[in-house]
Structure formats: C-alpha cells, structure tokens
Amino acid sequence: MLPIKNSQELLNTGDPAVRTVLLHIANNALTMLNAESRIASLVCLEGNCLHVGDRTWDLAKYKRIFVIGAGKAGNHMARALEKILGERIARGIVIVKQLEPGDELRHIELTLGGHPYPNEAGWKATRRILELLDACTPEDLILSLISGGSSALMNCPADGIPVEEESRLTRQLLTAGAKILEINTVRRHVSAVNGGRLAQRVAAAGAEMINLVLSDRVGDEAVGTPRVPVAYTGTQIGIDPTTFGDAWAVLERYHLLERAPASVVAHLRRGSSLPETPKAGLPRVHTFVIQGLEDACVAAVAAAEREGLVATVLTSFLEGDSRQAGLFLGALAREVRCRQRPVAPPCILIAAGETTVRLEGEAGSGGPSQELALAFAQQVGDLRGIGIAAIETEGTDGPTDLAGGLTDCTTARRAREAGIDILNALDRHDCCPALTALGDHLVTGNTGTNLCDLNIIYIR
C-alpha cells in the first residue's frame, strides 16, 4: 500500500499532470525513509551475536534484554526490532502517538502518550519505564528507540511539577511561536528524563545501552548508512549542552515568566542548586543515528530523478512562520515558472525543516504543513503547471489526522467556486476543513519515519 493512503482521491481533482508527479515522488521518498527497513538493514542477529552497524554485542553476556523508547516512528521501529530479537526480549515498552492495525506485538508493548502536549497516559507509561530501568543491573542490555516527539510522549516532570502544568507550559511555548530547540531547552530542565537524564539513569545502574535514533533536528546532516556509534545531544539519551539559565532565558524571551505555571518558574529559579543535565558522554551508552532530516531531502532528490526530473534542494533549514514560508515558496515557484530562475522548468524544488504556527486567541483545526500548502496556493493563484506536496513526514500535522496538503494551480479557483475563503482559513488557522473540502488533504497514518516537514514543489 502506498504511504499516502488517499493518492487516488488526490488525483481525482486539481491538475492531474502536476499531482501525478508530486504523488510519485512523495510516495517513493516516504517509502525510502521507512525506519522499519532502515533498522533491518542496520541490525542483525547471528547466533548470540547482535550486529549493529560495524559493532557486535555477545548476547550470551547478558541476563536480560529490555526495549524501551518513545516517538512518532516508534511503531515501525519496535516492529523491526521485535522481528530481529523475538523471544530474547524480556520486556519492552515504547510510547507512541497513535496505534494502527498491525501494531499488536508479542514482546514489546506499544502504549499511547500525548503529543504535542504531554499527558497523564504518557506520564504513567514513563513511570513504568523508569521502574524497569531502576531494577536493571550491569548484566542487562537496554535497547532504546527514539524518534521525533519523544520529548512530549515520554514525559516525567521534575518533582513538584504536575503533568498538567508541564502540558500547559508546552502549549504556551508553542502558541508563542518558540522554535522547537527553544521548547526542548525548557523541556529538558523541567523533566526527570529529558536532556539525557534517562541514559544517565541507565548508566547509574551499570547497564549497557544501545540507542537507535531518528533525528528530526533542523540542520542535521544526512546519515546515509550508519556504521558506528556517534556523539549525540538532546532527547532522553544524549548529552545536553543547554542549561537552566538557557531555559529561563527562553521563557523571558517570549514573555512567559508571568504566565508560565508557578511550579515551573519556581523549579527553574532553583536551577543553580539543582543537578544539571549530563554534559559529557556516559559509560556503556552507544548511540546510532539511523536517519537525519537531510535524509528526507536525499530521498526526495532520488525519487525525483526516478521521474527524470532535475531536483534542487533549496534548504534543509526551513523554519519560521508556516504561512510566510508558504507565501515565499509560492513566490519562488512563480519566479521559476515566469522567469526561469534560479532554475528552469520542468523541475523539482525541495525545502525541508520545521515551520511553526503562532496562535493568538481562538483557532480552528490545522497544522503547519496544511497552512504552508494553503498559503502556497494563495500565492501561485491560477498560474498553470505548479503544485506542492507539503508533508509532515511522520503522518500527523499538528493536532489533526492529516499529514499535510497537496495544492496546485487549481486550488484557488476551486476554493472560489466552492465558496471557501482561503484568506479566512489562514487567518483563523482553520486549514484542515478547507483542504479536506477541496480534496487537497494528505492522509498517511503512521509512515514509519519522523524527519520534520518535507515540501516538494513541481513546476512543469
């Protein structure tokens, strides 16, 4: 089955010549990025020897093997590892955003957490993971599966901070327009597990830990085929260069010190007297990054070349306001179509990163990729031969079940004919109903990857 489940529906409207190419490239790129196949090519078991890249672990040396993890690609990652290790897994708990048919595993429990806002279910699951780790010994091997969204899904606030206040803090940071790295800086310093504290707990127990990570950080390079462990920062298992002072500065920058939960402000104020997150590598902790954000660009370029098209990566650092990003990308597509610069059509343009939506007051239903796609359609208007597939690569864009939107040179006209006001939808951050009504919505479900936003533009 194709990753984009409503591919045929998307071809039944709009410009079929544009949409056919966009869907071929998007489906092929998402297939190449699936973490289940990536892990299968990296990890194998031969007798008692577990091979991860170029490294080998003799499983006969360990009494128990545990699997833990969190992230929006956790379903597929856990499935891959269970196929490899099977009954050798003593117990497994992986926290995910959503469950689908086929997610029923025998040795690894997949359980739901909250995203983008931490919730009590995620907290309870995290507590069970911590109980498992606290019972570990130097004779145990821990395999962790970490992908985007793990900071919200695996949530255990520091002592004195209720879960609901951690959730409210996350909502405040998101609606204020804070960048994901700024949000994570705060999260790491109000948490008992983020910012490397989970790995620190494993190291304190003396157990060995192998981490398989999908890195969704803007600016990360393409991984290719990972063969050896690397130094990694952030999430629950990497060292953390940020400080309590940095977290305080983020709240100050977005004028949140007066509005943030009192428990959070009090905790950060005590930061100078609290243990910092780990700043150096931990013993017996090995991290393999199996994908980075740039890999999404590499996959999209390869898929475009299969279609016989020249592909140009504009950026893998796309951040900022989603609507403004859509307007800019639309203006660039017009420049290519009308002036044949900076490249000439037919061509594919690729932009990856993580844009955000800043909410003020009440908002409708939507997400960053949906907003970008609709703003792009507003900008290109009726100019023929242009389209974009704006995809949240893990399959859920914002608090919706859509993965994003596919809009083209017919979207604005069809919206007018249907009485849909694109500007009003953008102003109200209510793009999900508009895209769905137009048949320009992307549906994927779990894709098995999580590499932020991938925007594929076709100009024919």
Side-chain angles (χ1 to χ4, degrees), residues 10 13-26 29 218-219 293-294 296-357 368-392 404-416 422-423 425-427 431 434-435 438 440 442 452-460:
L10 286 160
T13 189
D15 184 335
V18 169
R19 291 176 175 236
T20 297
V21 171
L22 285 173
L23 285 168
H24 281 173
I25 294 172
V218 174
L293 187 145
E294 176 69 13
C297 296
V298 171
V301 168
E305 290 175 348
R306 287 185 185 179
E307 301 296 314
L309 291 165
V310 174
T312 300
V313 177
L314 301 173
T315 182
S316 59
F317 295 87
L318 187 65
E319 294 183 282
D321 182 78
S322 298
R323 180 175 182 174
Q324 295 304 315
L327 292 173
F328 172 74
L329 291 176
L332 184 57
R334 292 178 64 183
E335 187 73 19
V336 172
R337 188 75 179 85
C338 299
R339 303 284 188 267
Q340 291 79 53
R341 61 188 184 196
V343 293
C347 63
I348 295 292
L349 305 178
I350 298 162
E354 187 163 26
T355 63
T356 52
V357 175
S369 290
Q370 295 165 66
E371 197 148 309
L372 188 150
L374 207 54
F376 181 93
Q378 175 201 357
Q379 178 69 274
V380 302
D382 301 334
L383 192 60
R384 295 178 59 189
I386 300 175
I388 187 171
I391 309 165
E392 168 51 74
L406 193 159
T407 58
D408 61 28
C409 48
T410 72
T411 297
R413 172 182 57 77
R414 289 185 289 112
R416 291 192 300 269
I422 288 180
L423 287 175
L426 289 166
D427 289 341
C431 296
L435 289 168
L438 292 167
D440 288 1
L442 286 169
C452 296
D453 308 332
L454 177 62
N455 302 290
I456 305 168
I457 301 166
Y458 175 44
I459 304 129
R460 65 182 179 90

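Values in this document were obtained by computation on a predicted structure and should not be read as measured data.
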J.: Distance from I348 atom CD1 to L22 atom CG, nearest 0.5 Å?
T.: 6.0 Å
J.: At what distance, to the nearest 0.5 angstrom, does CD1 of I422 lie from OG1 of T407?
T.: 8.0 Å
J.: side-chain contact (heavy atoms from CB on, under 4.5 Å), that's the test. Do I350 and V301 meet it? Break it down for me.
T.: CA-CA 8 Å; I350 298 162; V301 168; 3.6 Å; yes
J.: Just list the side-chain donor-acceptor pairs under 3.5 Å for residues 453-460, sequence neighbours left out, or say none.
T.:
{"residue": "D453", "atom": "OD2", "partner": "T355", "partner atom": "N", "Å": "3.1"}
{"residue": "N455", "atom": "ND2", "partner": "A351", "partner atom": "O", "Å": "3.1"}
{"residue": "R460", "atom": "NH2", "partner": "D15", "partner atom": "OD2", "Å": "3.4"}

J.: Any salt bridge (charged side-chain N to carboxylate O under 4.0 Å, His left out) pairs touching residues 16-25, not counting sequence neighbours?
T.: R19-D408, R19-D440
J.: Do V357 and P368 come within less than 4.5 Å of each other through their side chains, counting heavy atoms only?
T.: yes
J.: Could you tell me the separation between the CG atom of L374 and the CG atom of L327, rounded to the nearest 0.5 Å?
T.: 10.0 Å
J.: For the residue pair L23 and L406, establish whether any side-chain heavy-atom pair is separated by less than 4.5 Å.
T.: yes
J.: Within the 4.5 Å heavy-atom criterion, are C338 and L383 side-chain neighbours or not?
T.: yes
J.: Identify the heavy atoms of P342 and L332 that sit nearest to each other, and give their distance.
T.: CD-CD1, 3.8 Å
J.: What closest approach, in Å, do C297 and A352 show between heavy atoms, and which atom pair accounts for it?
T.: SG-CB, 3.6 Å
J.: Enumerate the salt bridge (charged side-chain N to carboxylate O under 4.0 Å, His left out) contacts for residues 298-317, please, sequence neighbours excluded, ordered by first and then second residue.
T.: none
J.: Looking at every non-hydrogen atom in both residues, tell me the closest pair between A377 and A412 and how far apart they are.
T.: O-CB, 4.1 Å
J.: What's the separation between atom CG in L372 and atom CG in L426, rounded to the nearest 0.5 Å?
T.: 10.0 Å
J.: Where is the tightest heavy-atom contact between A311 and A304, given as atom of each residue plus distance?
T.: CB-CB, 3.7 Å
J.: Which pairs of donor and acceptor atoms, one on a side chain in residues 313-321, lie under 3.5 Å apart (sequence neighbours left out)?
T.:
{"residue": "T315", "atom": "OG1", "partner": "F317", "partner atom": "N", "Å": "2.8"}
{"residue": "S316", "atom": "OG", "partner": "E294", "partner atom": "OE1", "Å": "3.2"}
{"residue": "D321", "atom": "OD2", "partner": "R323", "partner atom": "N", "Å": "3.1"}
{"residue": "D321", "atom": "OD2", "partner": "Q324", "partner atom": "N", "Å": "2.9"}

J.: Closest heavy-atom contact between A373 and G405?
T.: CB-O, 3.8 Å
J.: Is there any side chain to side chain donor-acceptor pair (under 3.5 Å) pair reaching into residues 328-337, and which pairs are they, with sequence neighbours excluded?
T.: R334-Q379, E335-R341
J.: Find out whether I391 and S369 are in side-chain contact, i.e. whether some heavy atom of one side chain is under 4.5 Å from a heavy atom of the other.
T.: no
J.: Can you name the side-chain contact (heavy atoms from CB on, under 4.5 Å) partners of V343, sequence neighbours left out?
T.: T312, V336, C347, L349
J.: Write out all pairs satisfying salt bridge (charged side-chain N to carboxylate O under 4.0 Å, His left out) with one or both partners inside residues 370-392, taking only residues at least two apart or from two chains.
T.: D382-R416
J.: Measure the spacing between OG1 of T411 and CD of Q378 and express it to the nearest 0.5 Å.
T.: 12.0 Å
